Amino acid sequence: MGLCLTLFIADWKHLGSLPVEDRIRALDEEYQKGEMAGGGRDWPPAHGAAWCAEYDFRSTTGAFSPHARAGDAWDDMRPLVDASVREAMDAFLAGLIWNADPADDPALNGGGGFFPPPADRWHSSVLVVCPPGALPGKVRAWTGVGSRLEELREAFAAECAGWAGRPDTFEDFTALLREWGDVTTEAARRGWGLVGLP
């Protein structure tokens with residue numbers, strides 16, 4: 001069974017009021033409450049505390065692999081993309097599903113200590129950490145590039161189409177990017193951050 005991704009938008013002030021070692025458990029408990037309530041998988045959520053909400057990616061099955069494959073696809077195709085699109089997409093995807101240098105991934109250190117650091121690289125405590133202060137810049141980047149996704153088609157065809165470990169189609173790739181655009185925009189609107197749990 002592969003690694004899953006459960007993505008939350010969350011109020012960093014509330015999470016910050018909890019001891020570091022309790023923050024993941026608090027999110028996990030809210031997720032479990034939603035599951036036991038027999039639903040709440042829609043966006044906006046039918047369940048969720050006043051301080052967090054789960055985002056349900058409709059273009060995936062809940063697995064982390066489509067996000068990782070999309071990040072790898074971006075890494076492959078970015079040299080072929082116009083500089084203005086490349087810079088905006090880099091700014092948007094960095095720390096979400098792609099990093100120029102994987103060692104700079106904010107999840108590797110628990111988001112600068114906001115969450116407990118992973119026990120090791122292969123057993124992360126968090127998969128995505130994007131604090132509220134980073135989201136307005138991501139929304140600006142998305143606003144600049146969201147309407148230009150078609151410009152990525154040729155680069156996708158050249159570097160990703162038909163390759164194992166990459167999104168199956170260009171449409172799959174752009175559908176996932178649009179969902180990341182939606183969730184970052186909603187989190188920024190609320191002044192919250194993003195956290196993805198395995």
Side-chain angles (χ1 to χ4, degrees), residues 5-12 41-45 48 52-102 104-107 111 126-163 165-196:
L5 171 67
T6 304
L7 187 72
F8 292 93
I9 65 169
D11 182 347
W12 247 233
R41 305 292 294 180
D42 296 330
W43 185 262
C52 74
E54 178 193 355
Y55 183 84
D56 189 22
F57 286 94
R58 293 188 185 346
S59 64
T60 70
T61 61
F64 180 66
S65 60
H67 306 276
R69 287 193 307 261
D72 291 342
W74 173 244
D75 200 50
D76 290 347
M77 72 173 78
R78 61 185 296 279
L80 303 178
V81 174
D82 176 77
S84 64
V85 173
R86 182 174 55 247
E87 290 166 10
M89 191 66 79
D90 284 355
F92 175 62
L93 294 179
L96 298 178
I97 62 171
W98 174 81
N99 285 295
D101 180 353
D104 292 337
D105 185 344
V126 291
L127 297 172
V128 174
V129 179
C130 188
L135 285 167
K138 293 204 172 297
V139 170
R140 282 190 301 276
W142 175 247
T143 300
V145 78
S147 63
R148 298 179 70 184
L149 294 178
E150 188 60 32
E151 295 178 39
L152 304 176
R153 184 178 292 276
E154 189 175 318
F156 183 92
E159 292 296 323
C160 304
W163 286 91
R166 299 298 178 261
D168 290 335
T169 66
F170 179 72
E171 289 71 23
D172 292 341
F173 176 67
T174 56
L176 187 59
L177 294 181
R178 285 187 181 95
E179 288 193 87
W180 277 104
D182 290 346
V183 72
T184 55
T185 300
E186 178 62 19
R189 184 188 70 76
R190 294 183 189 206
W192 292 2
L194 295 171
V195 58

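Small disclaimer: the values here were computed from a predicted structure and weren't measured. Every heavy atom of this structure was used, including side-chain atoms; hydrogens, water molecules and symmetry mates were not.
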Taking only residues two or more places apart in sequence, or in another chain, which ones meet [X] in a side chain to side chain contact (heavy atoms under 4.5 Å, CB included)?
| X | value |
| --- | --- |
| Asp168 | Asp172 |
| Glu154 | none |
| Arg178 | Trp142, Leu149, Thr174 |
| Ala155 | Met77, Leu80, Val81 |

Heavy-atom pair of closest approach, residues [X] and [Y]:
| X | Y | answer |
| --- | --- | --- |
| Gly181 | Thr185 | O-OG1, 2.7 Å |
| Ile9 | Glu186 | CD1-CG, 4.0 Å |
| Ala53 | Arg190 | CB-NH1, 4.4 Å |

Result block: side-chain N/O donor-acceptor pairs under 3.5 angstrom for residues 127-138, not counting sequence neighbours:
unit_1 : atom_1 : unit_2 : atom_2 : d
Lys138 : NZ     : Ala91  : O      : 2.8
Lys138 : NZ     : Phe92  : O      : 3.2
Lys138 : NZ     : Ala94  : O      : 2.6

Output every pair passing salt bridge (Lys or Arg N to Asp or Glu O under 4.0 Å) with a member in residues 85-98, not counting sequence neighbours, ordered by first then second residue.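 For residues 85-98: Arg78-Asp90.
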Please list, chain by chain and in numerical order, all residues satisfying side chain to side chain donor-acceptor pair (under 3.5 Å) with Trp12, sequence neighbours excluded.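 So Trp12 forms no side chain to side chain donor-acceptor pair (under 3.5 Å) with any residue.
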Partner set under side chain to side chain donor-acceptor pair (under 3.5 Å) for Glu179, not counting sequence neighbours: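 For Glu179, the residues satisfying side chain to side chain donor-acceptor pair (under 3.5 Å) (neighbours in sequence not counted) are Tyr55, Ser59.
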Side-chain touch Asn99/Asp75, heavy atoms, less than 4.5 angstrom: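 They are not in side-chain contact.
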Report yes if the side chains of Leu194 and Phe8 come closer than 4.5 Å at any heavy-atom pair, otherwise no.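 They are not in side-chain contact.
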Just to verify, what does Phe156 make a ring pair (Phe, Tyr, Trp, His ring centres under 6.0 Å) with, not counting sequence neighbours?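 Partners of Phe156 under the ring pair (Phe, Tyr, Trp, His ring centres under 6.0 Å) test: Phe170, Phe173.
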Atom pairs and distances, side-chain donor-acceptor, residues 62-72, under 3.5 Å, sequence neighbours left out:
unit_1 : atom_1 : unit_2 : atom_2 : d
Ser65  : OG     : Arg69  : NH1    : 3.3
His67  : ND1    : Trp180 : NE1    : 3.1

For Asp105, enumerate each residue passing the salt bridge (charged side-chain N to carboxylate O under 4.0 Å, His left out) test, keeping only those at least two apart in sequence or located in another chain.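 None.
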Can you name the salt bridge (charged side-chain N to carboxylate O under 4.0 Å, His left out) partners of Asp82, sequence neighbours left out?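 Salt bridge (charged side-chain N to carboxylate O under 4.0 Å, His left out) list for Asp82, sorted by chain: Arg148.
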Any chance you could lay out the side chain to side chain contact (heavy atoms under 4.5 Å, CB included) test for Glu171 and Arg153, step after step, and finish with the verdict? CA-CA 9 Å; Glu171 289 71 23; Arg153 184 178 292 276; 3.1 Å; yes
Evaluate the side chain to side chain contact (heavy atoms under 4.5 Å, CB included) criterion for residues Leu7 and Val195: first the C-alpha distance (whole Å), next the side-chain angles of each, then the deciding distance (0.1 Å), finally the verdict. CA-CA 6 Å; Leu7 187 72; Val195 58; over 6 Å; no
Between atom CD of Glu54 and atom CG of Asp56, what is the distance when rounded to the nearest 0.5 Å?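 Atom-to-atom, Glu54:CD and Asp56:CG are 6.0 Å apart.
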